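Computed from heavy atoms alone, side chains included, the values below leave out hydrogens, waters and symmetry copies. Given the structure is predicted, the values throughout are model-derived calculations rather than measurements. Positions are given from 1 along the sequence.
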Amino acid sequence: MDEAITACTAGADSNPETLNCLALLVVLKTLRGDIEARDWDRFQQRLATVRMSWDNIRAPLILTHYAGQGVGLDKARVLTALATLDRRVTLQPHTLVSIGEAILRVLQEPDLAVPYFVKALQRVPPGDPYVRQLMAELTAKGRPDLAGVIESADAAPRDLVPAPATGDGR
């Protein structure tokens, strides 16, 4: 693991326009048990300023992937990274749903997941079968109020203009 951390540090230092090395560095240092605030701060600062290429868009999703694998990443820092990503890029519906699912299922924060689902629903035609599944899951988690928010978002009028090409492109 030490070699991987050294490689990620060198990669992050040598290319200040990429995020993946920093995301992996956060994961690896968390696993090793010596993650520091400055590691997260460096990742977040770079996330807030670099050009958001498709590869850089993936970096915060690396964090949700490893959190889903049981890595004890700082929940607040992961949520901040996802919010920064969403603020900087017009994400495609499937990416918004992936983020929402990670926040709902992995981070166990239904209230914070719903805005991502609502944003995704605003970008797809009404009546997607996923909506009923999501509503059922929220209800089963004791959150019929959030299921109602999803139902209202699905029923709301939409301006189905495709997301700009500056988004995650998928």
Side-chain angles (χ1 to χ4, degrees), residues 8 11-12 15-32 35-124 128 130-131 133-135 137-138 141 143 145-147 149-150 152-154 156 158 162-170:
C8 285
N15 193 346
E17 291 299 313
T18 65
L19 291 168
N20 288 336
C21 286
L22 285 177
L24 288 172
L25 186 63
V26 164
V27 170
L28 292 170
K29 284 185 141 191
T30 299
L31 283 168
R32 191 169 71 180
I35 187 74
E36 296 179 6
R38 68 180 176 181
D39 299 314
W40 277 105
D41 292 345
R42 184 177 181 201
F43 174 77
Q44 183 63 36
Q45 185 278 331
R46 194 175 287 185
L47 175 61
T49 59
V50 297
R51 184 177 143 292
M52 293 308 291
S53 65
W54 68 269
D55 199 40
N56 282 340
I57 290 169
R58 274 183 342 112
L61 306 177
I62 290 170
L63 300 176
T64 60
H65 169 78
Y66 281 101
Q69 299 298 311
V71 176
L73 294 166
D74 182 314
K75 184 192 302 191
R77 299 279 196 155
V78 172
L79 290 167
T80 299
L82 295 171
T84 301
L85 174 66
D86 185 39
R87 196 171 49 252
R88 296 215 46 223
V89 181
T90 301
L91 298 168
Q92 296 294 323
H94 72 277
T95 304
L96 290 163
V97 167
S98 293
I99 291 170
E101 287 179 349
I103 294 171
L104 176 67
R105 296 187 182 119
V106 175
L107 302 178
Q108 299 291 307
E109 294 288 346
D111 292 284
L112 300 176
V114 166
Y116 293 95
F117 293 128
V118 168
K119 199 177 271 192
L121 289 175
Q122 293 168 345
R123 298 180 184 156
V124 297
D128 190 293
Y130 176 76
V131 172
Q133 174 189 340
L134 178 58
M135 289 171 52
E137 183 175 349
L138 289 167
K141 287 185 178 289
R143 297 304 305 269
D145 58 319
L146 296 180
V149 170
I150 297 298
S152 295
D154 190 44
R158 293 158 167 82
T166 58
D168 57 344
R170 290 176 224 127

Under 4.5 Å between any side-chain heavy atoms of [X] and [Y], yes or no?
X	Y	value
Met52	Leu85	yes
Met135	Asp154	no
Trp40	Thr80	no
Asp86	Leu96	yes
Leu22	Val26	no
Leu134	Leu104	yes

Shortest non-hydrogen separation from [X] to [Y] and the atoms involved:
X	Y	value
Cys8	Cys21	O-CB, 3.5 Å
Ala113	Gly100	CB-O, 3.3 Å
Ile150	Leu138	CG1-CD1, 3.8 Å
Tyr130	Glu101	OH-OE2, 2.7 Å
Asn56	Glu17	ND2-O, 2.9 Å
Arg123	Leu91	NH1-O, 2.5 Å

Rounding to 0.5 Å, atoms CG (Leu24) and CG (Leu19) come to a distance of 11.0 Å

In Å and rounded to the nearest 0.5 Å, what is the CG to CG distance from Leu79 to Asp74?
9.0 Å

Take Arg58 and Asp55 through the test salt bridge (Lys or Arg N to Asp or Glu O under 4.0 Å) and record every step on the way to the result.
CA-CA 5 Å; Arg58 274 183 342 112; Asp55 199 40; 3.1 Å; yes

Name each donor-acceptor pair under 3.5 Å that joins a side chain in residues 59-73 to protein atoms two or more places apart or in another chain, with its distance.
| unit_1 | atom_1 | unit_2 | atom_2 | d |
| --- | --- | --- | --- | --- |
| Thr64 | OG1 | Leu61 | O | 2.9 |

For a quick test of your reading: what N or O donor-acceptor pairs under 3.5 Å do the side chains of residues 43-51 make, sequence neighbours left out?
| unit_1 | atom_1 | unit_2 | atom_2 | d |
| --- | --- | --- | --- | --- |
| Gln44 | NE2 | Thr84 | OG1 | 2.4 |
| Arg46 | NE | Pro16 | O | 3.4 |
| Arg46 | NH1 | Ala12 | O | 3.2 |
| Arg46 | NH1 | Asn15 | O | 3.2 |
| Arg46 | NH1 | Thr18 | O | 2.9 |
| Arg46 | NH2 | Ala12 | O | 3.0 |
| Thr49 | OG1 | Gln45 | O | 3.1 |
| Thr49 | OG1 | Arg46 | O | 3.4 |

Would you check, one step at a time, whether the test salt bridge (Lys or Arg N to Asp or Glu O under 4.0 Å) holds for Glu137 with Arg105?
CA-CA 10 Å; Glu137 183 175 349; Arg105 296 187 182 119; 2.4 Å; yes

Could you go through Arg77 and Asp41, starting from their C-alpha distance and side-chain angles, then the distance that decides it, and tell me whether this counts as side chain to side chain contact (heavy atoms under 4.5 Å, CB included)?
CA-CA 9 Å; Arg77 299 279 196 155; Asp41 292 345; 2.6 Å; yes

Does Asp145 have any salt bridge (charged side-chain N to carboxylate O under 4.0 Å, His left out) partners at least two apart in sequence or in another chain, and if so, which?
Arg143

Could you walk me through whether Val78 and Val106 satisfy the side chain to side chain contact (heavy atoms under 4.5 Å, CB included) test, starting with their C-alpha distance in whole Å, then the side-chain angles of each, then the deciding distance to 0.1 Å, before giving a yes or no?
CA-CA 11 Å; Val78 172; Val106 175; over 6 Å; no

